[in-house]
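Letters A, B, ... mirror the listed sequences (proteins, then strands); counts begin at 1.
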Amino acid sequence: MHSTNYVIMFVLALTSLVAIGLTTLREVTFDTAEMNKAIFNKREVIKAVADHIGLEPGQKVADLPNERVLEIFENDIKQIVLDMDGNEVDQNTVQKVYKGGLAEHIDMSKEKKKDEKDRLLPLYVYSKGGNTKYIVSVIGSGLWDEIWGNVAMESDLNTVVGASFDHKGETPGLGAEIKDNPVFAAKFRGKQIYGDGEIKLNVRKGGAKDATYDVDGISGATVTADGVTEMLQRGIAYYNPYFSKIKSSK
Amino acid sequence: MAETAVVEKKQAVSEPLFGKKEKKLITDPLGDNNPITIQVLGICSALAVTSLVVPSLVMSVAVVFVCAFSSLFTSLIRTKIPKQVRMIVMLVIIATLVTVVELMLKYLNYPIYKQLSVYIGLIITNCIVMGRLEAFAMANKPWRSFLDGVGNGLGYGVILVAIAVIREIFGKGTLFAGSAVEMKIIGASNEVTSYWINTAAESGIGSWFSWYSNNNLMVLPAAAMFIIGIMIWIQRSYRPHLVDIS
C-alpha cells in the first residue's frame, strides 16, 4: 500500500506528463489538421456543383487533388455571408465571430444554436464562363444527431443542380446513406425547389410521387429522410429575402 | 525506475526474444482464448462498427495499436503504480493513446477521421484493453505485455473483420464500400444500387446472384449478435474443451 502523498504525486506527475505530451502533439499537428479540415469542407461545397467543374469522365470530387480544390475555391467561387434579412455582412463583422471571416469559416452547428433572427448564412456563388450557380448551406437534425448539406441551384434560383449531405452519427447502411450512397444526392439534380411561392422540394418515403419536387427516400431511414426534408425546407427559406432581392434587381 | 530496468535486462538475456511462450501470446487470442468469442469482451463495438468492412479494418488497427502500447506503458510503470488508483492510471494511459490515434488520423487522413470519429472514442470503453492491462500487463514484463496486447488486438480485429465481411455482403451487397477498391458482390442492379454496379463494372468485377435483395437486418447491429453467436457455436463444437460445463 502506497502512502496518500505518493498517490497524489504519482497521479499529478502522470497527468502532467500526459498533458504536456498531448498538447505538444496537438500543436505540431494542428496547422495541417486545420488545413485538412478546410479542404474537406471546401470539397463538400464543390460536390454540390460537381457536374460543372469540368471533371473527367469517371472522376469523382473525392479524387480531386487538394491543390485543385483550393484553386476552384480561389478562382471560381465568390463567398458571401448574409444575415437573416438578406443583407450582405462584410468580412470584418464576421471576423469578430469566426476567424477568417469568410462564408467557409462559418460553423453551421454554432449557428443552429443561435436565435433564428441572429443567424449568419453562408452563400457560395460559383461562376465560370458566364455560368452562375448559387450554393446554400443547410443544417438540421437526423435520427441521432445533426445532419447538414449544401444545395446548388441554377441562376433561376429554383432548379437544383446538385447537392451533398453529411451527418454526425446516423446509422451506417441506413441513415448514413445520405452521405455514403452518392445516388441519393444525385437524385436531387433537376428537381424544382419552389412551387406556388413555397418550398416544395422534399424527400418522400415510399418513392417519389411528383417528379418535379419529390426525391426518393431511403428504406429503413424514415426519420433521417424526414430530417433532410425539414432541413431543406427551413434552411433554404432563410435565403428567401436575399433571393427576392436578386430577382427584383434583374 | 533505473533499478528495475537493470534487473529486467539481466533476465532478458536468459529468455528468448521470441520463443514458444511469446508466440503463444500472439496465437492464443486468435484461437482458444479469443477476446470476443471466448471471453465475450468488446461486444459493444463489435456490434456497432461492423456494418462495413473499411471502418472495421481501421478500428481493428487502432485497437491493436492502443492495446499493444497501453500494455507496454502499463507494464513499464507497473511497480510504481499505486494499487489504490491503478484503474484510473490505466484509463489515463488508454485515453491518451486514443487521443493520439485521433490526432494522427486528423493529421494524416481527415476523411477517414470524419468517418470514424465516434468509433475511435469508443476504444476507451473497450473492455479488452482494460482487461488485458489488469490481467496481464500489471503482472508481466514489458515485451511480453506488448505481445499480449498485439495478440488480443488481433484476436479482436480478426473477428471484427469477419463479421463485417458477412454483414456488408448480405446487407449491402458490396465489399470495401467507401474505399478505392469497393466492389459489388451480390444483388440486383436496381436504381438505388446502380452506383455500385457501375463501379463494379468499371473494375471488371461482375455482380452475382442478381435476384438477391439486400437484407436490412444485416445492416442493423442485431445481425452481429447472431453472427457472433454462430461463431461461438462453431468454435465450441470443434473445440469441446472450451465448453464451460458449470
Contact origin within A/Val11 toward chain B - heavy atom pairs under 4.5 Å: side chain
- prompt: Picking from A/Lys187, A/Lys191, A/Arg204, what satisfies side chain to side chain donor-acceptor pair (under 3.5 Å) with A/Asp214?
  reply: A/Arg204
query: At a heavy-atom separation under 4.5 Å, does A/Leu14 approach chain B through its side chain, its backbone, both, or neither?
result: side chain
Heavy-atom proximity to chain A below 4.5 Å, by part of B/Leu220: side chain
query: chain A heavy atoms under 4.5 Å from B/Met104: which part of the residue, side chain, backbone, both or neither?
result: side chain
field: Geometric class of the B/Tyr113/B/Tyr110 ring pair [parallel <30°, tilted 30-60°, perpendicular >60°]
entry: tilted
task: Can you tell which part of B/Val89 gets under 4.5 Å to a heavy atom of chain A, answering side chain, backbone, both or neither?
output: both
task: Give the ring-plane orientation class for B/Phe69 versus B/Phe73, where under 30° counts as parallel, over 60° as perpendicular and anything between as tilted.
output: tilted
query: Which of parallel (below 30°), tilted (30 to 60°) and perpendicular (above 60°) describes A/Tyr124 and A/Phe73?
result: perpendicular
task: Please say which of A/Val161, A/Thr159, A/Val136, A/Val49 ends up in a side-chain contact (heavy atoms from CB on, under 4.5 Å) with A/Met153.
output: A/Val136
